[in-house]
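In what follows, every heavy atom counts, from backbone to side chain, and hydrogens, waters and symmetry copies are set aside. Here the structure is a predicted model, which means the values were calculated and not measured.
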Amino acid sequence: MPDIDIEDVARGLLGKLLRAGEKQSAGVSTRRPALTAAALKPYHDLRSLAEKEDFEAVLKAARAAGAVTLSWPPDAGERGFVQRVDLIDTNKLAACLGIDTLASKLSKAEALLGGLLEQFPVLGEILAAWGRLANVRGLSPDDALDFADAARTIQYMQDTRDSRPIDQPIREVSARLFRDSKRIERLTGPLTVLLSGDLQPERREPSEVWREIGLFREEQPVRLAGDMVVACSRVTTRLDAPYAAFSADSIRGLETVPTQVLTIENLTTFHSEARRRFDDRVLLIYTGGMPSPAWRSMYRRLLGSVTLGTPVTHWGDIDEGGFRIAAVLAQDAWAVGHVLQPWRMHPNDVPIEQRKPASEATFARVRRHAELAGWTDLGLEIVRAGFVAEQESWTG
């Protein structure tokens, strides 16, 4: 075995033995942790006495530490090759190898994340998953700091919302918080889990995750359409055709009473509806996917100038993300006295060829978000229909 450190090979096999012991301790495996002849094949294939002795020196050191027992063939004794290595003490083997046990890693993770459990209960589920040797979004107890920093980012954006009501550049905030302008961008996975409160959240574009807490890499204006007069911080103007765009914090309210307010999740659908309805006295608003805090403040201001009883509606994807967005918008509508209603989001609205199957877990989340939006019956209809669909597939 040229160019290979024999002692490293031996330590690598003992590392596998350690992981097997941790699986047994975690209840993931019932098999007795041991290295048998198959696992020891690299050692059995050695042809040099010196290499054999170097390999065995690592095993014997672990035995001397009380971590393992070694078994040789009865007829050859220790002159022959070790036939079996049995684990007897996980902690001692970890110490012998100079690495942390799972229990030690979990203890450190709990110390780091325990104070955040009240605000982010999903962290308790993450710690439990790690205790079962299951990673979360590819992250293990070694990555606990990523979740702590993601929580810190969310808390910071919430705490500064009053003093900084506008959305903020992600790299400026990252540099301010972590002295690393790209740190938050590397936290997208943990941020997604914490924001969704779910160990297996839907896959989302990073920009949408950042936008939800008020961060952007490239600021996007709010797009509005319809035969409406909008009051902004410096001008009051009729919306141009097919649409107009403004900074979210500049929009103050409406000077025209709409017959309907319709938020639209996807840009393609918004453009299609804007070109079709720009002469109608309906206010169309593009949400940009999950709306940001600044967008939501703007939305509440606009709804505050809309007569109560005016239909306030939302058209989004018939999937987990679409209903999650609806639940957020419903909260904002309720805050100013309106009730958000779905628009063209019933299963019967979707062409058969555009329907896609989904998992039971996805439908459970759709139903939960539908309930939060006040759309319990619609959520049940989606579950019964057994499919999801993207909004663009039934536009027009």
Side-chain angles (χ1 to χ4, degrees), residues 1 3-46 51-73 78 80-114 122-150 186-187 189-190 193 199-200:
M1 300 176 67
D3 303 322
I4 295 178
D5 189 317
I6 296 302
E7 293 183 358
D8 284 347
V9 175
R11 282 190 287 269
L13 288 177
L14 289 178
K16 291 182 179 179
L17 181 62
L18 176 63
R19 289 191 288 277
E22 291 183 328
K23 286 183 179 180
Q24 184 188 50
S25 298
V28 176
S29 172
T30 58
R31 182 177 300 177
R32 182 181 177 185
L35 297 176
T36 59
L40 291 169
K41 187 176 185 303
Y43 156 67
H44 290 163
D45 288 343
L46 295 174
E51 290 179 334
K52 175 179 181 293
E53 290 176 343
D54 287 345
F55 192 101
E56 289 174 358
V58 175
L59 301 185
K60 290 176 179 179
R63 180 181 64 176
V68 301
T69 59
L70 307 179
S71 301
W72 274 270
E78 295 193 11
F81 282 86
V82 175
Q83 296 299 297
R84 184 182 177 95
V85 182
D86 285 283
L87 176 65
I88 59 175
D89 192 308
T90 302
N91 291 326
K92 290 179 180 178
L93 181 56
C96 186
L97 294 173
I99 60 179
D100 285 340
T101 62
L102 174 64
S104 175
K105 292 177 180 180
L106 282 176
S107 178
K108 292 177 182 177
E110 288 169 359
L112 189 61
L113 302 176
V122 71
L123 289 173
E125 297 179 46
I126 292 170
L127 291 169
W130 286 342
R132 300 189 301 272
L133 293 175
N135 288 349
V136 177
R137 291 294 293 265
L139 301 175
S140 70
D142 294 326
D143 305 300
L145 181 61
D146 286 359
F147 283 96
D149 283 353
R186 296 194 295 271
L187 299 175
V193 173
L199 294 185
Q200 295 181 316

(request) Walk me through it: do I126 and V193 pass the test side chain to side chain contact (heavy atoms under 4.5 Å, CB included)? (result) CA-CA 9 Å; I126 292 170; V193 173; 3.9 Å; yes
(request) Would you check, one step at a time, whether the test side chain to side chain contact (heavy atoms under 4.5 Å, CB included) holds for W72 with E56? (result) CA-CA 11 Å; W72 274 270; E56 289 174 358; 4.3 Å; yes
(message) Donor-acceptor check, side chain of Y43 to backbone of V82, threshold 3.5 angstrom: yes or no?
(response) yes
(message) Using a 6.0 Å cut-off, check whether atom CD of E7 has over 12 heavy atoms from anything other than its own residue.
(response) yes
(message) For K23, I'd like to know if atom NZ has over 12 heavy atoms of other residues, nucleotides or ligands within 6.0 Å.
(response) no
(message) I'd like to know if the side chain of E22 and the backbone of L102 have a donor-acceptor N/O pair within less than 3.5 Å.
(response) yes
(request) Identify whether the distance between the nearest side-chain nitrogen and carboxylate oxygen of K52 and D54 falls below 4.0 Å. (result) no
(message) Is there a side-chain contact between Q83 and H44 in this structure, where contact means two heavy atoms from C-beta onward sitting under 4.5 Å apart?
(response) yes
(request) Would you mind telling me which of L13, T36, L35 makes a side-chain contact (heavy atoms from CB on, under 4.5 Å) with V85? (result) L35
(request) Evaluate the side-chain proximity of L70 to V68: yes if any heavy-atom separation is below 4.5 Å, no if none is. (result) yes
(request) Run the salt-bridge test on K60 and E53 with the 4.0 Å N-O cut-off and return the result as yes or no. (result) no
(request) For the pair R63 and E78, find out whether any cationic side-chain nitrogen is under 4.0 Å from an anionic carboxylate oxygen. (result) yes
(request) Say whether, by atom type as modelled, one donor and one acceptor occur between the side chain of W130 and the main chain of E125 under 3.5 angstrom. (result) no
(message) Strictly distance-based, threshold 3.5 Å: is any side-chain N or O of S25 a donor or acceptor partner for the main-chain N or O of G21?
(response) yes
(message) Can you list everything that forms a salt bridge (Lys or Arg N to Asp or Glu O under 4.0 Å) with D143? Sequence neighbours excluded, please.
(response) none
(message) Please determine whether a side-chain nitrogen of the Lys or Arg among D100 and K108 lies less than 4.0 Å from a carboxylate oxygen of the Asp or Glu.
(response) yes
(message) Do L87 and L18 have side chains that approach each other closer than 4.5 Å (heavy atoms only, starting at C-beta)?
(response) no
